[in-house]
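Naming: A, B, ... by sequence-line order, numbering from 1 per chain. Quick caveat, the model's predicted, so the values are computed rather than measured.
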2 protein chains.
Amino acid sequence: MTKRDELIQTAFTLFYMNGVHSVGINQILAEAGIAKKTLYSHFASKDALLEAVIAYRDERFQAWLFGLMNSTSSPPEMIAAMFQGLDDWFNDRVNTLMPFQGCFFVKVNGEFFQHRVNELCHAHKQAILDYTQMRLSETYSDERAAQLANQIVLLKEGAIAQAYLGHDHNAAKLAGGMALALLPTP
Amino acid sequence: MTKRDELIQTAFTLFYMNGVHSVGINQILAEAGIAKKTLYSHFASKDALLEAVIAYRDERFQAWLFGLMNSTSSPPEMIAAMFQGLDDWFNDRVNTLMPFQGCFFVKVNGEFFQHRVNELCHAHKQAILDYTQMRLSETYSDERAAQLANQIVLLKEGAIAQAYLGHDHNAAKLAGGMALALLPTP
DNA sequence: ACAGAGGTAGACCAATCTGTCTACCATTTA
DNA sequence: TAAATGGTAGACAGATTGGTCTACCTCTGT
């Protein structure tokens, strides 16, 4: 793994736990065991590092979630896979994601205002909505798929929020049950 | 309004928009037009000010939400009032709350780790869950009321998240529809 | 053999942060 | 009238921040 990747991973872990503004460059460097000059040869600024961290997490999270959803062939299966995945994530049974600390993008987004990272965080959420809707439109009309996707994504966000700040580690199961109930009875 | 309250209000507005760590004491003082010594005669530290801000927002938010829910006499009415209130909030039709910028407690909570403010933010969410469950247990069994309350609160959190980071200003209507569908058909 | 790339360690700079302090002012109360 | 209270303005201290820079080291490719 390159120094660049080590920096991104270390920065992600620290940002995810403590927030972006609470974590200094020097702390990241000390934790990663990397020199300051190396960081600034790879990234122009802390902001640039943060953008790379966001892109890294976005890629990892999408690969994980879409991987689960992709290997299903009907809406009920897909929804079950999605919320089963969330349940695994909340209860730290997913190796590729870090120990659950809520949604990274929600956290980061909350620390900035009218800033480029707000757009990046929104884009992550939009990508998940778009993928879900695309998959549902294989079965339902565009209009129906759009409504269902919005409902499912809303339940997913609610589950993450309740699992984190609500300390409810069954939130994914609860949300998954509601999501399945949205589908027409077969 | 006392200087103490002015400080709390100004600090809240800035924290809510920009995050806690991005906003300095001097910025709050300049915005409020208050001297630094006055701040430190009322609060021991920035952390103490933040705790007062959290308590202030908690009180305001509960007064608003429980006010809406309290003047209803059946679960369907109560849920309708709750999500109608959220819809008003998301679309800036509530004077007593500030212009919608997501959930203050979710934002603040994300900036700290193993800190007292995490407990305070959780307590706010717990209070809303408890009130909802208490009201539902007037109609349903304790077990049923507990499950329903968890579902409703999850929908509420999902709606807030989708309204803010998802840019979906209809999230409250969508969530409200799902919440009403949870109740047994009359 | 040697040039160049990529790394380390850390001194350093300017800015900013929280928090303390002095000096002074205005109002209220005994 | 005198004391106490609560305020303003802002200098100041000490720590910390993001970012630059020098000096040196260690590979690798030609």
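Taking CD1 of Ile28(B) as the start and CG of Leu14(B) as the end, the distance is 6.0 Å to the nearest 0.5 Å.
Taking the ring-ring contact (aromatic ring centres under 6.0 Å, His included) definition, one finds that Tyr40(A) meets it with nothing, sequence neighbours left out.
For the segment residues 3-12 of chain A, the set of residues with a heavy atom within less than 4.0 Å of an atom of DNA chain D is empty.
Whole-Å rounding puts the Leu49(A) CG to dG19(D) C1' distance at 13 Å. The interatomic distance linking Leu39(A) (CG) with dT8(C) (P) rounds to 10 Å, in whole Å.
Listed by first then second residue, pairs satisfying salt bridge (Lys or Arg N to Asp or Glu O under 4.0 Å) with a partner in residues 127-137 of chain A read Arg135(A)-Glu138(A), not counting sequence neighbours. Here salt bridge (Lys or Arg N to Asp or Glu O under 4.0 Å) pairs that include residues 89-100 of chain B, with residues two or more places apart or in two chains, are Asp87(B)-Arg93(B), Asp88(B)-Arg93(B). Within the structure, salt bridge (Lys or Arg N to Asp or Glu O under 4.0 Å) contacts touching residues 39-62 of chain B (residues at least two apart or in different chains) are Glu51(B)-Arg116(B).
Side-chain atoms of Tyr131(B) and Leu65(B), non-hydrogen and from C-beta on, never get closer than 4.5 Å to each other. Residues Leu7(B) and Leu29(B) are in side-chain contact: their nearest non-hydrogen atoms beyond the backbone lie under 4.5 Å apart. Under the 4.5 Å side-chain criterion, counting only non-hydrogen atoms from C-beta, Thr132(B) is in contact with Met69(B).
Remark: His42(A) is in phosphate contact with dG7(C), judged by side-chain N or O atoms under 4.0 Å from OP1 or OP2.
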Close N or O pairs between protein and nucleotides 16-24 of chain C (under 3.5 Å):
from    : atom 1 : to       : atom 2 : distance (Å)
dT18(C) : OP1    : Lys46(B) : NZ     : 3.0
dT18(C) : OP2    : Ile25(B) : N      : 2.6
dG19(C) : OP2    : Tyr40(B) : OH     : 3.0
dG19(C) : OP2    : Lys46(B) : N      : 2.8
dG19(C) : N7     : Lys36(B) : NZ     : 3.2
dG19(C) : O6     : Lys36(B) : NZ     : 2.5

